[in-house]
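Read the structure below first, then the notes.
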Amino acid sequence: MATIKDIADKAGVSTATVSRVLNYDSTLSVSDETKKKVFETAEELSYEKRADRKVRTAKIALINWRTEEEELNDLYYMSIRLGVEKRCDQLKMGIVRYFKNGITELSKENIQGMIVIGIYSKEEIAYFKDITSNIVFVDSVVCDEDAFDYVGIDLAGATRKVIGYFLEKDVSRIGYIGEASDIRETTFRSCLKEKGLLNEEYIYTGNLLVSDGYELMKRAVKEHGEQLPAAFFVANDSMAIGCLNALNEARIPVPEKVSIIGINDISISRYTYPALSTVKVYTELMGETAVDLLVERFRDRNIAKKVIIATKLKIRQSSL
């Protein structure tokens with residue numbers, strides 16, 4: 001496993017800067033470019049290369065629904081993107097990168113295929129289809145699943161893994177911090193309702209960002225005080241890092257008082273304080289798989305394929 005010193009050496013910054021960037025220290029004053037370098041270096045050092053396979057040269061578009069700035073606060077999508085880029089590099093495939101705020105430029109490129117990461121409207125998907133029929137969607141909501149390839153994860157299953165772990169530890173006061181009307185929230189509700197443990201006052205929703213996790217946990221601490229839930233399932237690691245920062249600020253011991261488990265296992269989750277328990281999502285494999293599906297399309301496969309990547313619960317210091 002790469003150390004903070006390894007990341008610092010490769011990124012050309014101090015170990016203190018790396019530590020503070022990875023823990024989203026709001027008092028640190030460094031540029032977004034420096035943050036990006038640290039995050040990408042952490043991802044690269046955690047990436048295991050796969051063997052080369054030669055395919056004919058193709059030019060593909062990689063489209064990410066986050067802007068570059070937003071990607072710094074949601075490393076899940078950065079990790080998928082890097083998996084795509086590394087696989088394309090191994091296969092000697094040309095790649096043109098777009099963030100969501102630049103997709104109108106797509107039509108100007110000679111594109112043979114697309115990998116589309118994130119959630120887009122029906123109109124945007126129709127726009128992509130007009131450019132090429134060779135499209136692989138990653139972690140998306142697709143209006144016509146029979147027409148396109150898809151790579152995703154079983155978020156409902158991942159949610160059940162976390163709740164099952166808490167219940168095995170005899171935790172009955174369980175909170176949720178995440179996005180509203182999301183499969184993670186609906187699965188959380190149904191699982192706890194079935195057990196007679198659902199408490200609506202323990203559910204907090206916002207955007208899947210560090211800042212939202214921080215603010216929502218602060219609100220939970222203020223509203224519940226000594227009756228704060230003994231555990232929180234947090235919809236992604238970025239929010240979970242914000243939750244840890246809020247709990248540390250309030251001097252609430254983790255996991256002695258409150259356990260936290262997130263989802264994604266982004267590379268920096270092992271460097272938080274305390275190290276974050278999480279559900280491992282094999283984001284680099286999602287990116288690689290998307291490229292391999294696109295290669296199959298280039299080789300004349302015309303039946304849509306859906307691939308669901310497995311997840312694994314990883315318990316570290318932030319949960320009992």
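- Here the straight-line distance linking atom CE of Met78 with atom CD1 of Ile117 works out to 11.5 Å at 0.5 Å rounding.
- Between the side chain of Asn245 and the main chain of Tyr214, no donor-acceptor pair closer than 3.5 Å is present.
- Across Tyr204, Phe188, Phe232, a single residue satisfies side chain to side chain contact (heavy atoms under 4.5 Å, CB included) together with Tyr176, and that is Phe188.
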Exercise for the section: Please report the C-alpha distance between Arg301 and Leu293 in whole Å, then the side-chain angles of each, then the deciding distance to 0.1 Å, and finally whether the side chain to side chain contact (heavy atoms under 4.5 Å, CB included) criterion is met. Expected result: CA-CA 9 Å; Arg301 174 176 56 77; Leu293 288 177; 3.8 Å; yes
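- Counting non-hydrogen atoms of other residues, nucleotides and ligands closer than 6.0 Å to CD of Glu226 gives a total of 12 or fewer.
- In terms of hydrophobic clustering, with Ile, Leu, Val, Met, Phe, Trp and Tyr side chains grouped at heavy-atom distances under 4.5 Å, Ile163 and Ile203 are assigned to a common cluster.
- Ring centroids of Tyr120 and Tyr98 are separated by 6.0 Å or more, keeping the two rings apart.
- Between the side chains of Ser259 and Ser319, not a single donor N or O lies within less than 3.5 Å of an accepting N or O.
- In this structure a side-chain-to-backbone donor-acceptor pair under 3.5 Å is missing from Asp25 to Val21.
- For the pair Leu75 and Ser238, the tightest heavy-atom approach, listed with the atom from each and the gap, is N-OG, 4.0 Å.
- Ion pairing between Arg87 and Asp292 holds under the 4.0 Å rule for side-chain N and carboxylate O.
- A donor-acceptor contact under 3.5 angstrom links the side chains of Asp6 and Thr3, judged on distance only.
- Here the side chains of Met93 and Val295 are in contact, with some heavy-atom distance below 4.5 Å.
- Looking only at atom types and distance, the side chain of Tyr76 has a donor-acceptor partner in the side chain of Asp139 under 3.5 Å away.
- No side-chain donor-acceptor contact under 3.5 Å links Asp212 to the backbone of Leu208.
- Annotation: the span from Leu167 atom CG to Cys191 atom SG amounts to 8.5 Å, rounded to 0.5 Å.
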Exercise for the section: With side chain to side chain contact (heavy atoms under 4.5 Å, CB included) as the test, would you mind laying out the steps for Val279 and Val162 before giving the verdict? Expected result: CA-CA 8 Å; Val279 178; Val162 174; 3.5 Å; yes
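- One finds a salt bridge joining Lys5 and Asp9 here, because a Lys/Arg side-chain nitrogen approaches an Asp/Glu carboxylate oxygen to under 4.0 Å.
- Side chain of Asn236 to main chain of Met239: a donor-acceptor pair is present (N/O by atom type, distance under 3.5 Å, no hydrogens or angles).
- Rounding to the nearest 0.5 Å places OG of Ser31 at 11.0 Å from NZ of Lys36.
- No path of Ile, Leu, Val, Met, Phe, Trp and Tyr side chains, each step under 4.5 Å between heavy atoms, connects Leu320 with Leu197, placing them in separate hydrophobic clusters.
- Across every non-hydrogen atom of Val151 and Val136, the tightest pair is CG2-CG1, 4.2 Å.
- With rounding to the nearest 0.5 Å, the separation of OH in Tyr202 from CD1 in Ile177 is 13.0 Å.
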Exercise for the section: Report the C-alpha separation of Glu296 and Lys305 in whole Å, then their side-chain angles, then the decisive distance to 0.1 Å, and conclude whether the salt bridge (Lys or Arg N to Asp or Glu O under 4.0 Å) test is met. Expected result: CA-CA 10 Å; Glu296 290 178 13; Lys305 184 182 287 188; 3.0 Å; yes
Handout entry: Pair Arg81-Glu40, salt bridge (Lys or Arg N to Asp or Glu O under 4.0 Å): steps then yes or no
Key = CA-CA 10 Å; Arg81 173 175 64 80; Glu40 289 190 340; 2.9 Å; yes
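- In the hydrophobic cluster analysis, where Ile, Leu, Val, Met, Phe, Trp and Tyr join through side-chain heavy atoms closer than 4.5 angstrom, Ile153 is grouped apart from Leu276.
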Exercise for the section: Evaluate side chain to side chain contact (heavy atoms under 4.5 Å, CB included) for Ile95 paired with Arg97, printing each intermediate quantity in order. Expected result: CA-CA 6 Å; Ile95 188 169; Arg97 301 165 186 84; 3.7 Å; yes
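- Within the 4.5 Å cutoff, the side chain of Glu249 has heavy atoms near those of the Lys218 side chain.
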Exercise for the section: Assess whether ring-ring contact (aromatic ring centres under 6.0 Å, His included) is satisfied between Tyr150 and Phe137, documenting all intermediate values. Expected result: CA-CA 5 Å; Tyr150 173 80; Phe137 287 89; 8.1 Å; no
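- Crowding of Glu201 atom CD: a count of heavy atoms from other residues, nucleotides or ligands under 6.0 Å not exceeding 12.
- A donor-acceptor pair under 3.5 Å is formed between the side chain of Glu124 and the backbone N or O of Ser121.
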Practice task
Using the ring-ring contact (aromatic ring centres under 6.0 Å, His included) rule, take Tyr24 and Phe39 through it: C-alpha gap first, then chi angles, then the decisive distance, then the call.
Solution key: CA-CA 11 Å; Tyr24 285 87; Phe39 288 138; 5.5 Å; yes
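- The two residues Ile7 and Leu22 come nearest to each other via the heavy atoms CD1-CD1, 4.2 Å.
- In this structure, a donor-acceptor pair under 3.5 Å is absent between the side chains of Tyr273 and Gln317.
- Judged by distance alone, the side chain of Thr278 and the main-chain N or O of Asp265 form a donor-acceptor pair under 3.5 Å.
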Practice task
Take Glu288 and Lys86 through the test salt bridge (Lys or Arg N to Asp or Glu O under 4.0 Å) and record every step on the way to the result.
Solution key: CA-CA 8 Å; Glu288 290 176 341; Lys86 287 179 180 293; over 6 Å; no
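- The heavy-atom pair separating Ile174 from Pro229 by the smallest distance is C-CB, 4.3 Å.
- Of the possible donor and acceptor atoms, one in the side chain of Ser318 sits under 3.5 Å from a partner among the backbone N and O of Ile260.
- Here the shortest heavy-atom pairing between Ile111 and Ile60 reads CD1-C, 4.2 Å.
- Under a 4.0 Å N-O distance rule, the pair Glu215/Arg219 does not qualify as a salt bridge.
- Side-chain atoms of Ser190 come within 3.5 Å of backbone atoms of Thr186 as a donor-acceptor pair (strictly under, hydrogens ignored).
- No donor-acceptor contact under 3.5 angstrom links the side chains of Arg316 and Thr272, judged on distance only.
- The line from CD1 of Ile309 to NZ of Lys280 is 12.0 Å long, rounded to the nearest 0.5 Å.
- For the residue pair Thr311 / Lys161, a side-chain donor-acceptor distance below 3.5 Å is found, with atom types taken as modelled.
- In this structure, Asp182 contributes its side chain and Arg184 its backbone to a donor-acceptor pair below 3.5 Å.
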Exercise for the section: Could you check Glu85 against Leu62 for side chain to side chain contact (heavy atoms under 4.5 Å, CB included), going step by step and ending with a plain yes or no? Expected result: CA-CA 8 Å; Glu85 291 174 353; Leu62 170 58; 3.9 Å; yes
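- Note on Val221: it does not cluster hydrophobically with Ile241, by side-chain heavy-atom contacts below 4.5 Å among ILVMFWY residues.
- Between the side chain of Thr289 and the backbone N or O of Leu285 there is at least one donor-acceptor pair closer than 3.5 Å.
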Exercise for the section: Dump the intermediate steps for salt bridge (Lys or Arg N to Asp or Glu O under 4.0 Å) on Glu33 and Lys37, then the final yes or no. Expected result: CA-CA 6 Å; Glu33 189 61 34; Lys37 185 184 295 185; over 6 Å; no
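- Side chains of Thr159 and Thr187: a donor-acceptor N/O pair is absent below 3.5 angstrom, by distance only.
- Atoms CG and CE, on Leu294 and Met114 in that order, are 10.5 Å from each other to the nearest 0.5 Å.
- The minimum heavy-atom distance between Asn134 and Gln112, with the atom names listed, is ND2-O, 3.1 Å.
- Follow the hydrophobic side-chain contacts under 4.5 Å out from Ile261 and you reach Leu155 in the same cluster.
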